[in-house]
There are 2 protein chains.
Amino acid sequence: MNDFATLSSVTHSSSTLSAELTNTLRDAIITGEIAQGTKLSETKMAKEFDVSRGPLREALRRLEGMNLIMHIPQQGARVVTLSRELILQLYDTREALESKAVALAAVKMTSQEIDELHREIDAQSKQMRENSGAFVPAESDYRFHEMVVRGSKNKVIERALIHEIYNLIKMFRYQNEFANTSSTNSLVEHRQIVYAIEQRDPILAEVTMKRHIVHARERIERRMSSN
Amino acid sequence: MNDFATLSSVTHSSSTLSAELTNTLRDAIITGEIAQGTKLSETKMAKEFDVSRGPLREALRRLEGMNLIMHIPQQGARVVTLSRELILQLYDTREALESKAVALAAVKMTSQEIDELHREIDAQSKQMRENSGAFVPAESDYRFHEMVVRGSKNKVIERALIHEIYNLIKMFRYQNEFANTSSTNSLVEHRQIVYAIEQRDPILAEVTMKRHIVHARERIERRMSSN
DNA sequence: AAATGCATAAATGTTGACATTTCATTGAAA
DNA sequence: TTTCAATGAAATGTCAACATTTATGCATTT
């Protein structure tokens, strides 16, 4: 099974207790340490983490905003359940947002930022050769996509993806071995995306990214049973 | 100036105090009753609404998730400021999400739901003739777009748009007369969108919606000074 | 006059207790 | 045996007080 340290989110001890709780719970949900569908009892969790229910409830409200938990008034919160349907909807949403993001990035990214993209996919290439891996390391894949999204300079898209979509996709991939990014095409596609950005060709960048995500979606759709 | 009752969000007295506060504050922010950039003092607001700070803070966390307020630890929350940049980014995001939504809707909407679309644009047409208006009534415009988005049957897109994008766009349009939807093209474009859905043509639906939103964005870009 | 530092006030963060609703259990009735 | 109602326990919602940090204002110094 995967290692907790693999997770990007670096739980950097935040200034407030409620922010720390948010990070802790987010990671626990993504890794499956707290299983899907689990009822999040405030009283139990308050005891477990040795905090009062106030900050805990605020953390739950934030996790709600990240789509990681569902809350029903007077009944409490449950960890979201990743149905096949939800996963495919996530990828459709990601396709729309990220293809737009890369089109913007092709215009807005600085050459320095493009250099960083190069370094990231070179690292991917190196890691795969050394580890004779058939998969792009998840962490590096996230970094690549987040760099592109940030490159769009569109804060609304950035927040939607990083705050409300990627966490759920990380959760899905972390808890499903088969969902990891295949190397065969992914690295090639990453190179194509960087090329399009480098050419300052937003349309090429857009269709390339769209195809990249559609491919991922198709792989998942094939390998995923009903659920 | 506009009337508060014009606002769609029907503050239906929710089960919990914190949910009611969320709705009340959301509407107050959208209408500008609480101005952009205003510091939201917890102590003052608790007195004003005669509630304790607990539920109030939870409401603030939720408004944060709706992108209506910005929160800085140890410093408090401020109402978001709608810069020209943010507005244009909102429309870019909307373009990506809503064009994908309508493509899905063209496949997934039931004929009954399509009928409802027809009724809505017929009502728009009628209202404009009767009121000799040069603008599609904002409420009706929102209803139309929300029906399309719901028709996509994609909960992720639906939540992103309705929960985190539309509120900000409503806020912008409510507080800027010039930002209202012009009738000249909008109604025609709405009819084109419905036609494409009716034809079950996702590609046509997508490009039609994209153009519709790009037009709106262009109108705003022209009429908006620097800011 | 401007800048620095201290003391006070006020705001946010956190806690524990109270209120109300929901859930589980038990017992009675059909 | 099954269903329903009542009772008690536990959970969520709310409140008021305490703790800690930030902001304000005044005095002092350069």
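Remember, predicted model here, so these are calculated numbers, not experimental data.
The side chain to side chain donor-acceptor pair (under 3.5 Å) test applied to Ser99(A) returns no partner, not counting sequence neighbours. Applying the side-chain contact (heavy atoms from CB on, under 4.5 Å) criterion to Lys155(B), with sequence neighbours excluded, gives Gln89(A), Glu158(B). Take Thr93(A) and apply the side-chain contact (heavy atoms from CB on, under 4.5 Å) test, not counting sequence neighbours, and it matches Leu97(A), Ile165(A), Leu97(B), Asn154(B), Val156(B), Ile157(B). Residues that satisfy the side chain to side chain donor-acceptor pair (under 3.5 Å) test with Asn67(B), not counting sequence neighbours, are Arg159(A). Here Glu48(B) pairs with nothing under the side-chain contact (heavy atoms from CB on, under 4.5 Å) rule; sequence neighbours left out. In this view, Thr43(B) and Ser41(B) satisfy the side chain to side chain donor-acceptor pair (under 3.5 Å) rule, not counting sequence neighbours. The side chain to side chain donor-acceptor pair (under 3.5 Å) test applied to Tyr166(A) returns Glu98(A), not counting sequence neighbours.
Side-chain contact between Phe49(A) and Lys44(A) is absent, with no heavy atoms from C-beta onward closer than 4.5 Å. Within the 4.5 Å cutoff, side-chain heavy atoms of Leu86(A) are placed close to those of Val80(A).
Residues in residues 68-82 of chain A take part in these side-chain hydrogen bond (donor to acceptor under 3.5 Å, both in side chains) pairs, two or more places apart or across chains: Arg61(A)-His71(A).
Ring centers of His118(B) and His190(B): at least 6.0 Å apart, outside the cut-off.
First and last contacting nucleotides of DNA chain C toward chain B (any atom under 4.0 angstrom from a heavy atom, 5' to 3' order): dA11(C) to dT14(C). A nucleotide of DNA chain D counts as in contact with chain A when one of its atoms lies under 4.0 Å from a heavy atom; the first and last such, 5' to 3', are dA11(D) to dT14(D).
Scanning residues 54-63 of chain A for heavy-atom distances under 4.0 Å to DNA chain D yields Arg57(A). Against DNA chain D, the stretch residues 41-50 of chain A makes heavy-atom approaches under 4.0 Å through Ser41(A), Glu42(A), Thr43(A), Lys44(A).
When each of His71(B) and Gln74(A) is assigned the nucleotide of DNA chain C bearing its nearest heavy atom, the one mapping closer to the 5' terminus is His71(B).
The main-chain N or O of Leu56(A) is never found under 3.5 Å from a side-chain atom of Glu42(A) such that the two would form a donor-acceptor pair.
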